[in-house]
Amino acid sequence: MRKVVLILGATSAIARAAAGEFAEQGYDVYLAGRDAEELARIAADLAIRYRIKAGWGIFAAESLSDHGRFFAQAISNMGEMDGVVLAMGYLGDPIAARNFDTGGAEVILINFTAAASILGHCANYLEARKQGFIIGIGSVAGDRGRQSNYTYGAAKGALALYLQGLRNRLYDSGVRVITVKPGFVDTAMTYGMPGLFLVATPQYVGRRIVTALHKSADVIYVPNFWRYIMWIIRLIPEPVFKRLKL
Ligand SMILES: NC(=O)c1ccc[n+]([C@@H]2O[C@H](COP(=O)([O-])OP(=O)(O)OC[C@H]3O[C@@H](n4cnc5c(N)ncnc54)[C@H](OP(=O)(O)O)[C@@H]3O)[C@@H](O)[C@H]2O)c1
């Protein structure tokens, strides 16, 4: 029996790379996002290239009340669901996102509230099946609040905590929950952004997402060295940290 993975935010460069890696391993995929034309194009490419079944469906993060129907439709289209990759995310303008009425609400909604909403449906389904996996893409930005993007960081930090709780809840049912924390990645999200360093390719991140399933770590930093960078950043005492321009 082939396995099926649902990819949320499937038009993202990281998600495309992960979808290709899953397809190469023989998974069928269900691509979810807002851009029907692009989803159909990616699905057709994967189906031809890897001889898999590739479905797609419209998923708008902010339509919270539609998430249950969307997930049921995905299962009905594919027959079952063995795993989920949550790749959707929204950086926005970090300065405008300081205030809720100029973008902050959207950043919290897409990166946390909507993520928790759809993952709640996925978790109930996988828990009942007593197998499967949930892979959530957080960010190193969620490890410590910094003046440069703390609304996005807070949402990603909340997502990491939510995934940690899901991991604890789903442990007895045999469902794996993996948190992926990338550093800077060369995608549309970071295009033209000043001050980027140690930038990874989306292909590398996609590969690490899939290989994480064959390893035991619950939380992975991508690339690995971010684990040590963030460890040092978390160790800086708050009286010192609050003075830094980060
Ligand atoms: N790039 C980085 O440096 C970096 C670093 C750490 C973590 N991450 C995380 O990695 C994940 C993938 O990001 P990326 O860099 O590949 O960025 P991206 O290209 O901007 O992808 C973001 C994805 O989220 C989807 N999305 C945004 N708003 C949505 C909404 N309201 N409803 C449904 N889908 C929505 C986008 O769909 P549309 O195509 O329809 O807009 C797109 O598929 C995100 O969770 C991001 O936070 C990225």
Side-chain angles (χ1 to χ4, degrees), residues 8-18 33-35 59-64 85-119 135-164 179-202 204-206 209 219-223 225-246:
L8 297 153
T11 53
S12 105
I14 294 173
R16 285 171 204 240
R34 298 181 291 184
D35 184 339
F59 175 77
E62 53 272 43
S63 306
L64 301 181
V85 176
L86 177 105
M88 70 181 186
Y90 175 62
L91 183 63
D93 172 352
I95 304 298
R98 288 177 177 177
N99 299 305
F100 260 43
D101 53 354
T102 54
E106 208 180 349
V107 168
I108 300 278
L109 173 64
I110 294 164
N111 293 297
F112 177 62
T113 313
S117 163
I118 185 64
L119 289 184
I135 301 177
I137 306 185
S139 170
V140 296
D143 276 14
R144 193 152 192 181
R146 295 175 294 118
Q147 61 178 298
S148 55
N149 68 350
Y150 58 84
T151 306
Y152 173 78
K156 287 296 195 182
L159 175 64
L161 211 57
Y162 181 87
L163 291 166
Q164 188 176 47
T179 308
V180 177
K181 296 186 180 184
F184 295 117
V185 190
D186 183 15
T187 70
M189 185 176 277
T190 52
Y191 180 76
M193 197 187 277
L196 300 186
F197 56 96
L198 302 172
V199 180
T201 65
Y204 176 74
V205 182
I209 287 170
V219 180
I220 64 163
Y221 286 79
V222 188
F225 53 71
W226 279 102
R227 179 179 294 278
Y228 306 105
I229 295 174
M230 296 318 295
W231 178 71
I232 291 165
I233 286 183
R234 282 196 312 274
L235 276 182
I236 299 171
E238 195 64 19
V240 175
F241 196 80
K242 71 181 180 189
R243 293 164 209 269
L244 303 179
K245 300 277 176 239
L246 291 171

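- Here the side chains of V205 and T187 are not in contact, with every heavy-atom distance at 4.5 Å or above.
- Applying the side chain to side chain contact (heavy atoms under 4.5 Å, CB included) criterion to Y228, with sequence neighbours excluded, gives no partner residue.
- The aromatic rings of W226 and F197 sit tilted relative to each other, their planes meeting at an angle between 30° and 60°.
- Minimum heavy-atom separation, L159 to G138: CD2-CA, 4.3 Å.
- For Y162 (side chain) and A116 (main-chain N/O), a donor-acceptor pair under 3.5 Å exists by modelled atom type.
- For the pair T113/I108, a side-chain contact is recorded, criterion being any heavy-atom separation below 4.5 Å from C-beta on.
- Counting all heavy atoms, side chain and backbone alike, V140 lies closest to M230 at O-CE, 3.4 Å.
- Atoms CD1 and CD1, from I209 and I220 in turn, are 7.0 Å apart once rounded to the nearest 0.5 Å.
- Of all the heavy atoms in V199 and D186, the pair that sits closest is CG1-N, 3.5 Å.
- Between Y152 and P94 the shortest side-chain heavy-atom distance does not fall below 4.5 Å.
- Remark: M193 CE to N149 CG distance equals 8.0 Å, nearest 0.5 Å.
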Apply side-chain contact (heavy atoms from CB on, under 4.5 Å) to M189 and Y90, showing your working. CA-CA 8 Å; M189 185 176 277; Y90 175 62; 5.6 Å; no
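- To the nearest 0.5 Å, the span separating CD on E106 from CG on N111 amounts to 10.0 Å.
- Two residues are said to be in side-chain contact when any heavy atoms from C-beta on lie closer than 4.5 Å; L198 and F184 fail this criterion.
- Looking only at side-chain heavy atoms (C-beta outward), Q164 and T179 stay at 4.5 Å or farther from each other.
- Considering all non-hydrogen atoms of both residues, L64 and A114 come closest at CD2-CA, 3.6 Å.
- Here the OH-CD1 distance, from Y221 to I229, works out to 11.0 Å after rounding to the nearest 0.5 Å.
- Note that CZ of R34 and CD of E62 are 6.0 Å apart. Values are rounded to the nearest 0.5 Å.
- The shortest side-chain heavy-atom distance between P182 and I137 falls under the 4.5 Å cut-off.
- Taking each heavy atom of A97 and V107 in turn, the nearest pair found is CB-CG2, 4.0 Å.
- Here the closest heavy-atom approach between residue A10 and residue A15 is recorded as CA-CB, 3.8 Å.
- A distance of 6.5 Å separates OG1 of T11 from CG of D35, quoted to the nearest 0.5 Å.
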Hey, can you pull the donor-acceptor pairs under 3.5 Å for the side chains in residues 235-246, sequence neighbours left out?
residue, atom, partner, partner atom, Å
E238, OE1, R144, NH2, 2.4
R243, NE, P239, O, 2.9

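- R227 pairs by the salt bridge (charged side-chain N to carboxylate O under 4.0 Å, His left out) definition with nothing, not counting sequence neighbours.
- Contact check for L163 versus L119: side-chain heavy atoms found under the 4.5 Å cut-off.
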